[in-house]
Amino acid sequence: MSEEKKSLNFLEQIIEEDLANGMPKENLRFRFPPEPNGYLHIGHTKAIGISFGLGERYNAPVNLRFDDTNPAKEEQEYVDAIKKDVSWLGYQWDQELYSSDYFQELYDWAVQLIKDGKAYVDSQTSEEMREQKGTPTEVGKNSPFRDRSVEENLDLFNRMKEGEFEEGTYVLRAKIDMASPNMLMRDPLMYRILKKAHHRTGNDWVIYPMYDWTHGESDYLEQISHSLCSLEFKPHRELYNWFRDNVYEYSKSDFPNPPKQREFSRLNLSYTIMSKRKLLKLVEEGIVNGWDDPRMPTISGLRRRGYTPASIRNFIETVGVSKRENVIDVALLEFKIREDLNKTANRVMGVLDPVKVVITNYPEDKEEVLIAENNPEDENSGTRMVPFSREIYIEKEDFREEANKKFFRLKLGKEVRLKNAYFITANSCTKDADGNITEIQCTYDPLTKSGSGTEESKRKVKGTLHWVSVKHAVKAEVRAYDRLFLDEAPDAHKDKDFMEFVNPDSLEKIEAFVEPSLQTAKIGDRFQFQRLGYFNVDDDSTPENLVFNKIVGLRDNWAKKK
RNA sequence: UGGCCUAUGGUGUAAUUGGCAACACACCGGUUUUUGGUACCGACAUUCCAGGUUCGAGUCCUGGUAGGCCAACCA
């Protein structure tokens with residue numbers, strides 16, 4: 001057993017240190033805590049991969065906890081989508097939990113804090129409170145209601161809960177320090193009145209706990225050992241600890257293990273955006289056809305596009321974890337799906353931009369069935385039959401009347417190999433009135449049949465073309481995608497809105513011809529269209545109208561040099 | 001008139017914690033090839049700057065500089 005020495009990332013180092021300092025391994029417990037207010041995207045996959053990855057590494061449970069404290073933005077639809085996405089990625093959570101499950105417990109602890117003089121009801125407007133809050137460089141001022149008596153606070157808080165007051169009239173605040181250099185410690189809100197139905201608790205509650213109060217205590221109730229989140233929550237850590245330490249005093253016998261929050265940098269991907277709010281805008285404005293549009297960086301979009309869970313997990317793994325701002329080149333993601341599909345996707349032939357080739361010395365009515373290897377990378381993938389006849393389609397760009405030596409494809413007087421078939425030589429071509437080539441006349445060498453073992457079939461030629469027999473071709477719609485944004489970092493411009501960089505030509509619908517074996521392809525099946533790229537069968541596809549998505553093109557050194 | 005965080009090739013992550021800067025992607029060049037794919041080989045860095053400690057510094061110290069986050073009854 002050769003142990004590959006893999007260096008630990010900083011989170012693993014923290015855990016190893018805790019373990020070394022006496023934390024029992026059984027205490028390790030993690031969580032992934034999405035708010036069900038949108039669809040998961042590739043950025044979330046990093047957070048998912050970190051916490052679930054740690055769970056796998058240390059054989060520790062990982063909870064899926066929905067952070068559902070804002071009924072105004074959350075919906076069951078999102079809960080369902082998130083569960084589907086996490087499962088699809090191949091992760092199994094220990095318990096499915098909801099912050100809303102803890103509303104009563106949270107309320108009781110809040111009452112306790114009030115009794116201890118550590119929280120108070122404020123009756124100012126949000127504007128007034130904002131003014132008193134100060135700025136990062138100026139200390140804040142105490143609220144005039146900061147010193148209300150415990151009795152009055154208790155009464156008010158209870159009446160808030162009972163629904164006696166309108167939204168915006170009262171809030172519960174933690175009494176900490178209005179002069180703290182950390183804005184979050186300047187008497188943060190714990191509860192606000194929200195008279196909205198919650199997707200799980202319905203109308204049971206009209207006061208809802210805020211993130212900071214909820215999140216840490218949910219971690220605590222679940223006895224999460226390491227609460228991992230992204231960097232922007234770093235300033236929240238002080239408050240996280242304040243709440244945690246105060247509550248700990250009330251309940252350490254029931255919940256002996258205080259959790260700790262640690263932060264890592266979130267994932268950014270070039271040529272796209274990673275903000276639920278902005279992604280929602282693309283959906284709402286019809287820039288894309290929904291959250292699962294194959295151009296979206298959402299998990300559901302990537303899934304529909306044809307990405308495999310393995311490719312995404314590999315991607316996340318090689319991206320790594322650190323605390324510095326980063327932008328990952330989308331080329332790495334593309335590499336990961338090619339790497340996966342190269343080994344697993346069967347090869348087929350499809351012509352996206354066809355021009356007809358007539359093999360003039362091939363008998364009019366003759367048809368033969370050729371044997372084609374499904375996947376040269378996989379011995380067990382077998383072979384399939386591909387029909388051949390006198391008339392075939394090839395790609396327009398695979399023929400030129402004349403071209404230099406660097407052009408390995410078909411040109412007049414030159415011979416190329418047809419993949420799995422024969423060698424052909426172009427003799428002439430016909431054009432329409434505009435000079436477009438409409439047909440190419442070739443002759444074939446009958447002795448060069450692929451797999452026949454003849455000396456002729458082993459001739460070396462520079463070019464091998466993919467093709468589809470005209471008579472047997474199956475029509476299919478191919479959707480080819482370009483990046484959704486033309487700028488490398490569309491939402492990083494201070495002076496420009498990300499919408500300005502939307503690529504108007506990110507979707508191209510192509511009427512293509514594919515080989516007949518694809519007639520029976522099922523939704524989700526992935527193929528390599530030889531020489532073109534990887535494609536999958538889209539959800540819209542039917543046996544009558546096949547629809548393929550282009551997942552990603554093959555690496556193309558020729559295109560680069562042109 | 002602040003607090004906190006972060007600086008290693010084009011990108012991202014490493015560096016046995018003070019000992020030959022490594023891996024992957026991208027880019028460039030080559031070999032193989034019935035995919036201009038795959039595979040394989042090669043090229044690609046004065047570790048943000050300036051001082052200091054040390055036989056030895058990406059790592060420690062001092063001082064700068066740059067970038068990020070923090071003023072929602074959002075999470």
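Being a predicted model, the structure only gives us computed values, none of them experimental. Numbered from 1 within each chain, the chains take letters A, B, ... in sequence-line order. Because only heavy atoms are used, hydrogens play no part in the values below, and waters and symmetry mates are left out as well, while side chains stay in.
Phosphate proximity of rC25(B) to Arg338(A): absent, as no side-chain N or O sits under 4.0 Å from OP1 or OP2. Taking 4.0 angstrom as the limit, Arg192(A) places a side-chain polar atom (N or O) nearer than this to OP1 or OP2 of rA75(B).
Of the candidates rA26(B), rA14(B), rU13(B), rU13(B) carries the atom nearest the Asn326(A) side chain, counting heavy atoms from C-beta on. Residue Ala331(A) places its side chain closer to rC25(B) than to any other of rA75(B), rC25(B), rC5(B). Between rG36(B), rG37(B), rA24(B), one nucleotide has an atom nearer to the side chain of Arg409(A) than all others, and that is rG36(B). Nearest nucleotide to the side chain of Ser7(A), out of rA14(B), rG36(B), rU35(B): rA14(B).
In terms of position on RNA chain B, the residue among Leu418(A) and Leu332(A) whose nearest nucleotide sits closer to the 5' end is Leu332(A). Checking Asn9(A) against Glu377(A), the closest nucleotide of RNA chain B that is more toward the 5' end is the one next to Asn9(A).
A donor-acceptor pair is defined here as one N or O able to donate and one able to accept, closer than 3.5 Å; such a pair exists between the side chain of Thr448(A) and the backbone of Asp445(A). Using a distance-only test at 3.5 Å, with no hydrogens or angles considered, no donor-acceptor pair links the side chain of Lys336(A) to the main chain of Phe315(A).
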What pairs of nitrogen or oxygen atoms, one from the protein and one from nucleotides 28-30 of chain B, lie under 3.5 Å apart?
none

For nucleotides 64-66 of chain B, which of its nitrogen or oxygen atoms have a protein nitrogen or oxygen under 3.5 Å away, and what is each distance?
none

Report, one pair per line, the protein and nucleotides 69-72 of chain B atoms (nitrogen or oxygen only) whose separation is under 3.5 Å.
none

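Listed by chain and number, the residues in a ring pair (Phe, Tyr, Trp, His ring centres under 6.0 Å) with Tyr444(A) are Tyr362(A), Tyr422(A) (sequence neighbours excluded).
Here Tyr240(A) and His236(A) keep their ring centres 6.0 angstrom or further from each other.
With hydrogens and angles left out, the side chain of Ser450(A) and the base of rU34(B) share a donor-acceptor pair within 3.5 Å.
Looking at heavy atoms from C-beta onward, Asp378(A) lies out of side-chain contact with Arg347(A) at the 4.5 angstrom threshold.
Across the P atoms, rU6(B) and rC40(B) are found 37 Å apart, a figure rounded to whole Å. On the C1' atoms, rC60(B) is 43 Å away from rC74(B), given to the nearest whole Å.
rG36(B) has Trp558(A) stacked on its base ring, the centres lying under 5.5 angstrom apart and the planes within 30 degrees of parallel.
Residues from residues 30-40 of chain A with heavy atoms under 4.0 angstrom of RNA chain B, sorted by number: Glu35(A).
Glu263(A) comes within 4.0 angstrom of no nucleic acid atom, judged by non-hydrogen atoms across all strands. Residue contacts for Val319(A): at a heavy-atom cut-off of 4.0 Å it reaches the sugar-phosphate backbone alone, with no base atom in range.
Residue-environment remark: CZ (Arg266(A)) stays at or below the threshold of 12 foreign heavy atoms within 6.0 Å. Heavy atoms of other residues, nucleotides or ligands lying less than 6.0 angstrom from NZ of Lys195(A) number more than 12.
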Represent RNA chain B in dot-bracket notation, 5' to 3'. Only Watson-Crick or G-U wobble pairs with both distances under 3.5 Å count; pseudoknot-style crossings use [ ] and interstrand partners use |.
.((((((..((((.....[..))))..((((.......)))).....(((((..]....))))))))))).....

